[in-house]
Amino acid sequence: MSLGETITGSQMAVIDANSAALGVPPKQLMESAGNAVARTVRSIVEPGSSVTVVAGRGNNGGDAFAAARFLDDYDVRVRLLGHAETIGTDIARENWAALERAALDVAAWRDSSAIAFDDPDLFVDAMLGTGISGRLREPVATAAKRLSDSETPVLSVDVPSGLDGETGALADNAVEPDHVVTFHKPKPGLDALEAPVTVADIGVPQAAERFVERGDLLRLSRPADSHKGDFGEVLVIGGGPYTGAPALAAQAALRAGADLVRVACPRSVADEIQGYSENLIVRPFDGDRFTPDSVERVLSLAGEHDSVVLGPGLGAAENTLVAVRAFLERYDGFAVVDADALGVVPGVETDATLVCTPHQGELEAMGGETADGWRERAELVESFAAELGQTLLVKGPYDVLSDGERTRVNRTGNPGMTVGGTGDVLAGTVGALTATQKPMAAAAIGAYVAGAAGDRVVERQGYGLVATDLLGSIPSVMWRNEDG
């Protein structure tokens, strides 16, 4: 059974958070999800039937709590697995409290020994949502077995408890549903179930997927047990005629979370680049520009890194562009390509995975097309990205990102960022992210972060910013995620 395009649990969390940023709060989505569950219940059993909701302490349970309020003409019992005071989110707790105040038949089963089912006409499985993996643990395991062993039909909310919302893998002790109602889009693994699946529209705005928003930052994590290297080592390949550009890109990569950043640059400017910051590690190659003679050395360095940023400050000398081409023909890792190096990309055969970051003039020089309106521009960028077989991040008043299949738009940033060097900051930020994220996610987060950093600078001091002003704001945008 094909259900169409699927969306993982983590992607759905991003979309939910982006919906909130766009003015559609989680409480509204939960209310709509509850309505969708109630409608599905009505399609399975007649009014007056007995329905037992078995719920967990997360938002999956919250959806079912909301559903119970819409089933006044049914004999509804709600059973919570765990202590009510440990319900995980404010909106789920509010919906539980609403059931208690309405004097519905609710109870909490605090351990597996307390689980005792009657014989209803329908079970609603709302124990676990998309954020779990592996075998079910108690008390959910006992409850799942009793639901699956019962002859009573089971309706699972969003996914059956025990289905991994990232991979679609089904635990061997997962609930075996007779029906599933899922929200917004199908989740991985649902199409492999024998049960019918209802995909319910709960009012998620299309813009929550189209536009990059604060929710995209949920893709970032920094676990307490992290070690040096877990968040990537980045090589910036740049410098020669210019020295500030590679230094800016490297410092931005550090600010964006890379653990180690090195700059491969001509020996003639190595000391100057090092002088910008004691945090930079410089790996010089012979000469005063990047030339074919240096490709072997730079390829060797690139192979020791998780991603590279290719282009800042390299210049457009013919020999340099020959070297860029030779590098890309032999490199098979992740690379952010910026500045003069962009012109080489359309004509090169490479196994590398690229994120190209042109402004609109550079896009046209690459052979792409642009337009004044962002919607038309998005279509043109998508078409050109598909032609290249790479990811594009086209800078502008609205940044357009596309890998040829998916296209998104970022709206952070301001006219003050037309100043030189801000593109190098963006390239370095994306370079750090490509070490840990897929290309489209790296491009999206990088565009949002660099633009929001610029917005904060302008809010503090007005226009007249310089590229280095952005560096200090990058971490607070990424990790504190404050508004404004």
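The analysis underlying the following values was restricted to heavy atoms, covering all of them including side chains, and did not include hydrogens, waters or symmetry mates.
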Checklist entry - Under 3.5 Å, is there a donor-acceptor pair between the side chain of D63 and the main chain of G34? => result no
Checklist entry - With a 4.5 Å limit on heavy-atom distance, are the side chains of R408 and M440 in contact? => result yes
Checklist entry - Are the side chains of V425 and R255 in touch, meaning some heavy atoms are under 4.5 Å apart? => result no
Next on the checklist: Give me the atom names and distance for the closest heavy-atom approach of N60 to D125.
Outcome noted: OD1-O, 4.4 Å
Checklist outcome for this item: Exactly one candidate in I7, L217, D216, V212 meets side chain to side chain contact (heavy atoms under 4.5 Å, CB included) with V14; the answer is D216
Next on the checklist: With side-chain contact (heavy atoms from CB on, under 4.5 Å) as the criterion, how do T8 and T130 come out once you've worked through the C-alpha distance, each side chain's angles and the decisive distance to 0.1 Å?
Outcome noted: CA-CA 8 Å; T8 66; T130 57; over 6 Å; no
Next on the checklist: Within the structure provided, determine whether M366 and V345 are in side-chain contact (heavy-atom separation under 4.5 Å).
Outcome noted: yes
Checklist entry - Is any side-chain N of the basic residue among E213 and R411 closer than 4.0 Å to the acidic one's carboxylate O? => result yes
Next on the checklist: Between N173 (side chain only) and A141 (backbone N and O only), is there a donor and an acceptor less than 3.5 Å apart?
Outcome noted: no
Checklist entry - Under 3.5 Å, is there a donor-acceptor pair between the side chain of R377 and the main chain of A371? => result yes
Checklist entry - Is a donor on one side and an acceptor on the other found under 3.5 Å between the side chain of T152 and the backbone of P120? => result yes
Next on the checklist: Run V381 and L363 through side-chain contact (heavy atoms from CB on, under 4.5 Å) and show every step you take.
Outcome noted: CA-CA 9 Å; V381 169; L363 175 72; 4.3 Å; yes
Item to check | Salt bridge R42-D73, side-chain N to carboxylate O under 4.0 Å | outcome: yes
Item to check | Min side-chain heavy-atom separation Q360-V394 under 4.5 Å | outcome: yes
Checklist entry - Within a radius of less than 6.0 Å around CD of E176, do more than 12 heavy atoms belonging to other residues, nucleotides or ligands occur? => result no
Checklist entry - Would you say Q28's side chain and P25's backbone share a donor-acceptor pair under 3.5 angstrom? => result no
Checklist entry - What is the distance from atom CG of L393 to atom CG of L401, rounded to the nearest 0.5 Å? => result 4.0 Å
Checklist entry - Judged by atom type as modelled, is there a donor-acceptor pair below 3.5 Å linking the side chain of T353 to the main-chain atoms of F334? => result no
Next on the checklist: What verdict does the side-chain contact (heavy atoms from CB on, under 4.5 Å) test give for N35 and S32, after you've listed the backbone C-alpha separation in whole Å, the side-chain angles of each residue and the deciding distance to 0.1 Å?
Outcome noted: CA-CA 5 Å; N35 255 311; S32 297; 5.5 Å; no
Checklist entry - If you take all heavy atoms of A432 and A256, which pair is closest and at what distance? => result CB-CB, 3.8 Å
Item to check | F65 and V106, any side-chain heavy atoms less than 4.5 Å apart | outcome: no
Checklist entry - Is the backbone of E209 close enough, under 3.5 Å, to the side chain of N18 for a donor and an acceptor to pair up by distance? => result no
Checklist entry - Is there side-chain contact between V157 and F183, with at least one heavy-atom pair below 4.5 Å? => result yes
Checklist entry - Within the side chain of S150, is there an N or O that forms a donor-acceptor pair under 3.5 Å with the backbone of L147? => result no
Checklist entry - Roughly how far, to the nearest 0.5 Å, is CG of D75 from CG of D121? => result 8.5 Å
Next on the checklist: Can you tell me how far apart CZ (F123) and OG (S50) are? Round to the nearest 0.5 Å.
Outcome noted: 9.0 Å
Next on the checklist: Check the orientation of Y398 and F211. Use parallel for under 30°, tilted for 30 to 60°, and perpendicular for over 60°.
Outcome noted: perpendicular
Item to check | Value rounded to 0.5 Å, distance of CD in E369 from CD in E379 | outcome: 11.5 Å
Next on the checklist: Using a strict threshold of under 4.0 Å (side-chain N to carboxylate O), is an ion pair present between D259 and R222?
Outcome noted: yes
Item to check | Nearest heavy-atom neighbours spanning S19 and V204 | outcome: OG-CG1, 3.6 Å
Checklist entry - Are the side chains of Y448 and R214 in touch, meaning some heavy atoms are under 4.5 Å apart? => result yes
Checklist entry - So K395 and T422, side-chain contact (heavy atoms from CB on, under 4.5 Å) or not? Walk me through it. => result CA-CA 11 Å; K395 296 171 284 193; T422 56; over 6 Å; no
Checklist entry - Rounded to the nearest 0.5 Å, how far does CD of E405 lie from OG1 of T391? => result 10.0 Å
Next on the checklist: When you compare the side chains of T182 and K187, does any donor N or O come within less than 3.5 Å of an acceptor on the partner?
Outcome noted: yes
Checklist entry - Can any side-chain N or O of T357 pair as donor or acceptor with the backbone N or O of V337 at less than 3.5 Å? => result yes
Checklist outcome for this item: Residues V175 and S156: closest non-hydrogen pair is CG1-OG, 4.0 Å
Next on the checklist: With no hydrogens and no angle check, just 3.5 Å: does a side-chain donor-acceptor pair link R460 and S473?
Outcome noted: yes
Item to check | Side-chain touch M417/L470, heavy atoms, less than 4.5 angstrom | outcome: yes
Item to check | Test side-chain hydrogen bond (donor to acceptor under 3.5 Å, both in side chains) applied to T142 and K145, E138, R146, the passing residue | outcome: E138
Next on the checklist: A quick test of your reading: do over 12 heavy atoms of other residues, nucleotides or ligands sit less than 6.0 Å from CD of E85?
Outcome noted: yes
Item to check | Separation of I87 CD1 from N95 CG (nearest 0.5 Å) | outcome: 9.5 Å
Checklist entry - Considering all heavy atoms of both residues, which atom of Q437 and which atom of R219 are nearest to each other, and what is their separation? => result NE2-O, 3.2 Å
Item to check | Side-chain ion pair, D105 and R79, N-O less than 4.0 Å | outcome: yes
Checklist entry - In a check of side chain to side chain contact (heavy atoms under 4.5 Å, CB included) between I445 and each of L433, V430, V477, which one passes? => result L433
Checklist entry - Do other residues, nucleotides or ligands put more than 12 heavy atoms under 6.0 Å from the CG atom of D372? => result no
Checklist entry - Do you know which two heavy atoms are closest between A171 and R135, and how far apart they sit? => result CB-CA, 4.0 Å
Next on the checklist: If we ignore hydrogens and angles and just use 3.5 Å, is the side chain of S161 paired with the main-chain N or O of L128 as donor and acceptor?
Outcome noted: yes
